Amino acid sequence: MTPNDQLKELARIRGLMDRSTRFLSLSGLSGVVAGVVALAGATLARYHITQSLAPGADVLTYGTGRGYDQADELLLTLIADAALVLVLALLGAFWFTWRRGHRTGQHLWDASARRLMINMLVPLGVGGVFSLALFYYGLPGLVAPATLVFYGLALFSASKYTLDEIRWLGASELVLGVVALFWLDAALLFWALGFGVLHIFYGGLMYLRYERVSKESA
Amino acid sequence: MIEHLNKAFESRVRLGIMAVLVVNEWVDHARLKELLNVTDGNLASHLAALEDLKYVQVRKRFVGKRPNTSYRSSVTGANAFRVHLQAIEGLIPKH
C-alpha cells in the first residue's frame, strides 16, 4: 500500500464509524423552510397580540386573567398559530431530508435516525406538554422562552448523533431562551430570532457545506 | 511499526466490520451488510473469521418469528483494531 492508499483507507474507516453512529442525511433546506414558516407564524402572532392587547397590559399573561372571553380567544388563536407552524415546519423537514436521503441512496429510517429521533422527541415532547401547561395556567408570556429552552436542550443533547452544526444551533437557542426568560417584553422577538433567523442561518450553512458540493460531484 | 499491522485486518471488509463494531453496541447482520455494501456470503465468512479470533461476540435471538444475529466487538478485538489503526497512521509520512 502506498501512503496515499493508506490515507484513503483511514478516511474510509473514519467515514464508516461516522456513518454508523450519526444521522448525516439531515437536509439544511429543512432548516430554511422551518425558519421561514416560523417567521411568518411570529408575525401573525405579533399582529394578533397587538390587536387584542390593551396598552400597558401585563406581558406575562398578555392581560388575560382566566375567564375573559376575548383573552381566551387570543390564546386559542396563538395555540392554533403555533400548532400550524409546528406541522408545516415538520412537513418541510421530513420532505427535504427524505429527498436528500433518496438522492444519496442512504436509508432514512436506520438505527442512527431512530437514535436521533428518540433523543430529540423525549425533551421536545415534555417541552410541548410544559408549554400547554403554561397556556392552561394563563401564563402565555412564558411559552416563547420555554419552547426555546426545551428545543435548545433537545438539539444540544441529540447533536452527537448528527451533524456538528446542530450543537451550535442548540447552544444558540439556549442562550436566546435564557435571555428571553428575563426579558418577556421581547420574548416573541427572541422566539422569531431563535426559530426563524437561526434556522435559516444554520440551515443555509449546512446546505452550502454538505449539499451543494455533493450535487456538483454527483 | 510494521510489526503492529494485524494480518487479520488485511481484508478491507474485516477492517470495516471492526470499525462499525467498536463505535456501536450490537449491530445486526442486515445493518452491517448495508453499511459495508457486501454480499451476505462475503460478510458471513469474514464475521466467522473474526469470531474464531475472539474479536467479535455473537448474539442469536428471535425478533418476532425471525432469527436475528447481532455482533459486537470484544475487548480484545477493539484493542487489536486500535493498534492496527495506529500502525497504519504511523506508516504515513508526516509533512
Side-chain angles (χ1 to χ4, degrees), chain A residues 1-27 94 97-122 156-167 210 214 217-218, chain B residues 1-38 43 46-47 50 55-56 59 63 68-73 77-78 80-95:
Chain A
M1 280 213 289
T2 67
N4 198 20
D5 287 340
Q6 271 141 13
L7 271 181
K8 270 191 201 148
E9 182 65 358
L10 277 179
R12 181 183 77 99
I13 293 302
R14 287 215 186 93
L16 264 175
M17 292 165 90
D18 237 24
R19 229 167 355 110
S20 65
T21 50
R22 293 178 185 224
F23 181 72
L24 301 173
S25 308
L26 197 63
S27 169
F94 279 119
T97 297
W98 177 83
R99 202 182 64 154
R100 179 160 182 228
H102 198 67
R103 272 189 190 158
T104 54
Q106 276 173 312
H107 288 251
L108 213 54
W109 193 238
D110 61 10
S112 61
R114 279 195 293 274
R115 198 156 33 189
L116 175 65
M117 284 300 270
I118 289 167
N119 281 279
M120 285 284 291
L121 285 182
V122 171
F156 193 77
S157 66
S159 64
K160 59 177 174 288
Y161 303 115
T162 184
L163 301 169
D164 284 336
E165 281 78 4
I166 297 299
R167 192 170 195 80
Y210 306 112
S214 65
S217 63
Chain B
M1 267 314 208
I2 302 236
E3 74 268 19
H4 290 302
L5 285 178
N6 193 329
K7 284 253 186 241
F9 296 138
E10 270 174 7
S11 144
R12 298 180 78 235
V13 178
R14 265 177 248 170
L15 191 57
I17 292 171
M18 286 310 290
V20 173
L21 295 186
V22 291
V23 288
N24 289 281
E25 273 281 297
W26 295 117
V27 181
D28 69 13
H29 200 277
R31 173 81 172 144
L32 275 176
K33 190 182 156 193
E34 170 199 323
L35 282 166
L36 297 166
N37 234 336
V38 287
L43 183 60
H46 285 301
L47 279 167
L50 289 171
Y55 281 5
V56 302
R59 180 183 70 185
V63 174
N68 177 282
T69 312
S70 299
Y71 305 86
R72 75 170 173 192
S73 62
F81 174 76
R82 265 181 215 113
V83 170
H84 182 79
L85 265 203
Q86 275 163 12
I88 296 183
E89 275 165 5
L91 288 175
I92 298 165
K94 297 192 174 63
H95 300 286

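Here the structure is a predicted model, which is why all the values come from computation and not from measurement. So you know, we letter chains A, B, ... as the sequences are listed, proteins then strands, and number each from 1.
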Nearest-0.5 Å distance that lies between atom CG in B/Leu35 and atom OG in A/Ser20
6.0 Å
Rounded to the nearest 0.5 Å, the CD atom of A/Glu9 sits from the CZ atom of B/Phe9 at a distance of 12.0 Å
Please classify the contact of A/Arg115 with chain B as side chain, backbone, both or neither, using a heavy-atom distance under 4.5 Å.
side chain
All salt bridge (charged side-chain N to carboxylate O under 4.0 Å, His left out) counterparts of B/Arg82, not counting sequence neighbours:
none
Check whether any side-chain heavy atom of B/His84 sits under 4.5 Å from a side-chain heavy atom of A/Ile13, and report yes or no.
no
Minimum side-chain heavy-atom gap B/Arg31-A/Ser112 below 4.5 Å
yes
Which answer fits B/Val27, side chain, backbone, both or neither, if we ask what part of it has an atom under 4.5 Å from a heavy atom of chain A?
neither
Which residues satisfy the ring-ring contact (aromatic ring centres under 6.0 Å, His included) test with A/Trp98, sequence neighbours excluded?
A/Trp95, A/His102
Distance (rounded to the nearest 0.5 Å) between B/Ile88 CD1 and A/Leu10 CG:
5.5 Å
Rounded distance [0.5 Å steps], CG in B/Leu36 versus CZ in A/Arg19:
8.0 Å
Show your working on salt bridge (Lys or Arg N to Asp or Glu O under 4.0 Å) between A/Arg14 and B/Glu89 and close with a plain yes or no.
CA-CA 12 Å; A/Arg14 287 215 186 93; B/Glu89 275 165 5; 3.2 Å; yes
